[in-house]
Amino acid sequence: WQYSISWFGGIPLFQFYAPLGFLIIAGASFLFGKWVSLFLIYRWFIFFSFAVFPISFYFFVKEFLGKSAAYVGLWFSLFLIFFPETQGSLGLGAASSIQVGLFSQMFAASFLLWYLVIIKKLATKDRLNYKLIFWGGVSLALVFLSHTLTSIMAGFITLLIGIFYIKRWF
């Protein structure tokens, strides 16, 4: 085994990185054609994934801890995004997308937070809400299509929630 200079940034393709981020970037490149460079579309995708995360984290904290804690969670999510650049190689903050190519990690984390909000709403209801089940399935599918390790974590979380709430649902 030897180090490859193209190990990060989605290489090796589809072995460690799921296809959704690549498909969105390729679709935008196809849509904009020669007007916008592929590099700029890639940077837009990184910006969008980090811009959506604080919103997702706000609603996650609001659902689990209440509205007053949600504002603290919003500031905490901004701190996480602007984590010191020296920790970027550990997968923390916006620097991780630039330094080690974890561009789909925050994208998947946003979908995971929406999935957890939906699961919490489903777990606390007395009867099944099929609209929430549908959107929970869509959120979980987007997690699986976005980032492999985040989807493994989503699977474990789903298993744990299922163990604790299965009697309530049936």
Side-chain angles (χ1 to χ4, degrees), residues 1-63 73-120 132-159 161:
W1 187 84
Q2 81 183 52
Y3 177 75
S4 171
I5 195 166
S6 58
W7 183 261
F8 297 110
I11 306 297
L13 190 62
F14 305 133
Q15 187 174 359
F16 295 111
Y17 296 87
L20 185 63
F22 298 108
L23 292 174
I24 290 173
I25 293 169
S29 176
F30 180 76
L31 181 70
F32 292 119
K34 295 181 180 181
W35 296 309
V36 181
S37 72
L38 185 61
F39 181 75
L40 184 60
I41 292 171
Y42 174 70
R43 293 297 177 194
W44 283 350
F45 179 80
I46 290 174
F47 173 77
F48 177 74
S49 65
F50 281 103
V52 169
F53 181 74
I55 298 164
S56 301
F57 197 76
Y58 170 81
F59 284 107
F60 171 75
V61 173
K62 182 179 173 185
E63 181 66 31
L74 182 65
W75 286 106
F76 179 74
S77 68
L78 291 174
F79 173 73
L80 179 67
I81 288 175
F82 297 111
F83 208 73
E85 186 178 338
T86 56
Q87 304 300 317
S89 61
L90 301 175
L92 300 171
S96 66
S97 290
I98 299 162
Q99 289 179 356
V100 293
L102 298 175
F103 64 91
S104 61
Q105 178 181 355
M106 280 305 223
F107 197 60
S110 297
F111 292 131
L112 177 64
L113 293 176
W114 284 110
Y115 172 70
L116 293 175
V117 166
I118 292 169
I119 288 295
K120 166 84 168 33
L132 283 177
I133 291 173
F134 172 77
W135 287 113
V138 168
S139 297
L140 185 61
L142 291 173
V143 169
F144 275 95
L145 290 172
S146 297
H147 194 253
T148 308
L149 293 176
T150 308
S151 62
I152 292 170
M153 185 170 55
F156 282 126
I157 291 170
T158 304
L159 181 67
I161 290 174

Once you round to the nearest 0.5 Å, how far does [atom1] of [X] lie from [atom2] of [Y]?
{"X": "Phe144", "Y": "Leu112", "atom1": "CZ", "atom2": "CG", "value": "10.0 Å"}
{"X": "Ile133", "Y": "Leu140", "atom1": "CD1", "atom2": "CG", "value": "13.0 Å"}
{"X": "His147", "Y": "Ile152", "atom1": "NE2", "atom2": "CD1", "value": "9.5 Å"}
{"X": "Phe60", "Y": "Leu116", "atom1": "CZ", "atom2": "CG", "value": "5.5 Å"}
{"X": "Ser151", "Y": "Leu142", "atom1": "OG", "atom2": "CG", "value": "12.0 Å"}
{"X": "Ile157", "Y": "Thr150", "atom1": "CD1", "atom2": "OG1", "value": "9.5 Å"}

**Derivation and outcome, side chain to side chain contact (heavy atoms under 4.5 Å, CB included), residues Leu113 and Phe59** = CA-CA 8 Å; Leu113 293 176; Phe59 284 107; over 6 Å; no
**Prompt:** Do Tyr115 and Thr158 get their side chains close enough for a donor-acceptor pair, meaning under 3.5 Å?
**Reply:** yes
**Request:** Answer with yes or no whether the side chains of Trp114 and Ser56 bring together a donor and an acceptor at under 3.5 Å.
**Result:** yes
If you compare all heavy atoms of [X] against all heavy atoms of [Y], which two are closest, and at what distance to 0.1 Å?
{"X": "Ser146", "Y": "Leu20", "value": "OG-CD2, 3.2 Å"}
{"X": "Ile41", "Y": "Val36", "value": "CG1-CG1, 3.7 Å"}
{"X": "Gly73", "Y": "Val61", "value": "CA-CG2, 4.2 Å"}

**Asked** With no hydrogens and no angle check, is any side-chain donor or acceptor of Ser139 less than 3.5 Å from a backbone partner on Trp135?
**Response** yes
**Asked** Any sub-3.5 Å donor-acceptor pair from Ser110's side-chain atoms to Met106's backbone N or O?
**Response** yes
**Prompt:** Are Phe53 and Ser77 side-chain neighbours, meaning at least one heavy-atom pair lies under 4.5 Å?
**Reply:** yes
**Message:** When you compare the side chain of Leu38 with that of Tyr42, does any pair of heavy atoms fall below 4.5 Å?
**Reply:** no
**Request:** Using a cut-off of 6.0 Å, state whether more than 12 heavy atoms not belonging to Trp44 lie near its atom CH2.
**Result:** yes
**Asked** Quick one: ring-ring contact (aromatic ring centres under 6.0 Å, His included) partners of Phe107, sequence neighbours excluded?
**Response** Phe45, Phe111
